[in-house]
Amino acid sequence: MNDQVKFNVAIIGAGIGGSHLEGYCAWPKNYQVTMICDLDVERAKAIAKDLPNCIITSGIEQVLNNPDIDIVDICLPPHLHFPIMMKALDVGKHVVCEKPFVSSLAETDQIIAKAKSVGKRVFPIFQYRYGIGFQRYKLLQTKGLLGKAFTASLETHWDRRAAYYAIDWRGTWAGENGGTIVSHATHIHDLATQMLGTVKNVSAFLDVRVNPIETEDCAAISMQMASGALLTSSITLGNVGDMSRIRICFEHVTIESGLQPYTIGAGDWTFTARNETHQKAIDAELAILPKIEERFHGLMADIYGALTDAPQASPPNLADARHSMELITAIYHADRTGRRQSLPIESHHPLYNGWKP
Ligand SMILES: NC(=O)c1ccc[n+]([C@@H]2O[C@H](COP(=O)([O-])OP(=O)(O)OC[C@H]3O[C@@H](n4cnc5c(N)ncnc54)[C@H](O)[C@@H]3O)[C@@H](O)[C@H]2O)c1
């Protein structure tokens, strides 16, 4: 990587923010985390224990008013993503923001316009892309070894009960901005669109079947991709244990991911070719794939590349965030109307300003 520029980072929110911190700290020549902000100062101090010079604060304004901060990394509860992102852009910071990005397409479009007007970058978090399984897929796709995509099935089968929902913002429309399609399945849907392209049509059934919460915790979704590929996504928070899986049937190869719930892009993906000659070609390509950095290590390296104009860098961007928000809008609308919803979705759509009931 280019080591000439070093960015000062402030992380706001010390839950998953601890994993972001590890991602930045993996690249000490490129990043320095100089502030950690959380209302719970002890929580912030705990994740900063190896950073003696890091400023700990409970005040977001103190972060935003600090001229030395280049990047504000937002790991706050979902309902705070939009207002804090807007404020951070207004004071000229680059932004990294956790999922779910915001709570509507209208907010997404405001962020896109704001980032453009102030000339700053916004990186939504989709860290599952940084895994060896997904990178193997990308290599074979680039080499033209997969052929036409026929069908795909996705499973996000996790176990989330009372202890998980003890945190007040979870399971509420006001705090979480939605349920499992907004929170848990957003990663696998991002990976699927990375592999199969954008979504064209959506049908969906959503329900609250597992927990006494406001927002959906089970879903059965069908998608037709712009390429014509057909996809089903099954989601529940009532599984025994946690597992995720992706299966895609391409013309020449069937791909199956491992079952790791939080690192679905990593692990033991299998690539089964239709015949022996093709299998040999695939195995030969996969044998020379270089080591890759996984999860937040890989994501933070890619963000650095984008900020320093490295030609090969392609971290998740605002177009990805918009497509994710568009898909969520489509899923809620399809479920509530009982009708198929087509994408793209523009400003005249009844849920453009938000999907909260
Ligand atoms: N990418 C992933 O795999 C992943 C995993 C977990 C969570 N997340 C997302 O990250 C975000 C945070 O989730 P979490 O599990 O870390 O939540 P959390 O509730 O554990 O942590 C959020 C932290 O924000 C702090 N906070 C709340 N309001 C604040 C304010 N006004 N000022 C300063 N600090 C404030 C809280 O004190 C808390 O410590 C959510 O959007 C969630 O969906 C993403």
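We count ligands from 1, going down the list as the structure has it; atoms in each ligand are counted the same way.
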Using a 3.5 Å cut-off and no angle test, enumerate the donor-acceptor pairs between side-chain atoms of residues 171-178 and protein atoms at least two apart in sequence or in another chain.
{"residue": "Thr172", "atom": "OG1", "partner": "Trp169", "partner atom": "O", "Å": "2.8"}
{"residue": "Thr172", "atom": "OG1", "partner": "Gly175", "partner atom": "N", "Å": "2.9"}
{"residue": "Glu176", "atom": "OE1", "partner": "Gly171", "partner atom": "N", "Å": "2.6"}
{"residue": "Glu176", "atom": "OE2", "partner": "Ser183", "partner atom": "OG", "Å": "2.5"}
{"residue": "Asn177", "atom": "OD1", "partner": "Lys356", "partner atom": "NZ", "Å": "3.1"}
{"residue": "Asn177", "atom": "ND2", "partner": "Pro78", "partner atom": "O", "Å": "3.4"}

Output a table of donor-acceptor pairs, distance under 3.5 Å, between side-chain atoms of residues 138-146 and any protein atom two or more places apart or on a different chain; print 'none' if there are none.
{"residue": "Gln141", "atom": "NE2", "partner": "Tyr137", "partner atom": "OH", "Å": "2.9"}
{"residue": "Thr142", "atom": "OG1", "partner": "Lys138", "partner atom": "O", "Å": "2.7"}

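A donor-acceptor pair shorter than 3.5 Å can be found between the side chains of His157 and Ser234. If you check the side chains of Asp242 and Tyr262, you find a donor sitting under 3.5 Å from an acceptor.
In this structure, Tyr304 has its ring center closer than 6.0 angstrom to the ring center of Phe7.
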At less than 3.5 Å, what protein N or O atoms come close to the N or O atoms of ligand 1? Include the distances to 0.1 Å.
{"residue": "ligand 1", "atom": "1 (N)", "partner": "Glu98", "partner atom": "OE1", "Å": "3.0"}
{"residue": "ligand 1", "atom": "1 (N)", "partner": "Glu98", "partner atom": "OE2", "Å": "3.1"}
{"residue": "ligand 1", "atom": "1 (N)", "partner": "Gln127", "partner atom": "OE1", "Å": "3.2"}
{"residue": "ligand 1", "atom": "1 (N)", "partner": "Gln127", "partner atom": "NE2", "Å": "3.4"}
{"residue": "ligand 1", "atom": "1 (N)", "partner": "His187", "partner atom": "NE2", "Å": "3.4"}
{"residue": "ligand 1", "atom": "3 (O)", "partner": "Gln127", "partner atom": "NE2", "Å": "2.9"}
{"residue": "ligand 1", "atom": "3 (O)", "partner": "His187", "partner atom": "NE2", "Å": "3.4"}
{"residue": "ligand 1", "atom": "15 (O)", "partner": "Arg170", "partner atom": "NH2", "Å": "3.0"}
{"residue": "ligand 1", "atom": "16 (O)", "partner": "Ile16", "partner atom": "N", "Å": "2.8"}
{"residue": "ligand 1", "atom": "19 (O)", "partner": "Trp169", "partner atom": "NE1", "Å": "2.9"}
{"residue": "ligand 1", "atom": "20 (O)", "partner": "Arg43", "partner atom": "NH1", "Å": "3.1"}
{"residue": "ligand 1", "atom": "20 (O)", "partner": "Arg43", "partner atom": "NH2", "Å": "3.3"}
{"residue": "ligand 1", "atom": "21 (O)", "partner": "Arg43", "partner atom": "NH1", "Å": "3.2"}
{"residue": "ligand 1", "atom": "34 (N)", "partner": "Leu39", "partner atom": "N", "Å": "3.1"}
{"residue": "ligand 1", "atom": "37 (O)", "partner": "Asp38", "partner atom": "OD1", "Å": "2.5"}
{"residue": "ligand 1", "atom": "39 (O)", "partner": "Asp38", "partner atom": "OD1", "Å": "3.1"}
{"residue": "ligand 1", "atom": "39 (O)", "partner": "Asp38", "partner atom": "OD2", "Å": "2.6"}
{"residue": "ligand 1", "atom": "39 (O)", "partner": "Arg43", "partner atom": "NH1", "Å": "2.8"}
{"residue": "ligand 1", "atom": "41 (O)", "partner": "Leu76", "partner atom": "O", "Å": "3.3"}
{"residue": "ligand 1", "atom": "41 (O)", "partner": "His81", "partner atom": "NE2", "Å": "3.1"}
{"residue": "ligand 1", "atom": "41 (O)", "partner": "Lys99", "partner atom": "O", "Å": "2.9"}
{"residue": "ligand 1", "atom": "43 (O)", "partner": "Lys99", "partner atom": "O", "Å": "3.0"}
{"residue": "ligand 1", "atom": "43 (O)", "partner": "Lys99", "partner atom": "NZ", "Å": "3.0"}

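Among pairs with a residue in residues 91-101, those fulfilling side-chain hydrogen bond (donor to acceptor under 3.5 Å, both in side chains) read His20-Glu98, at least two apart in sequence or across chains.
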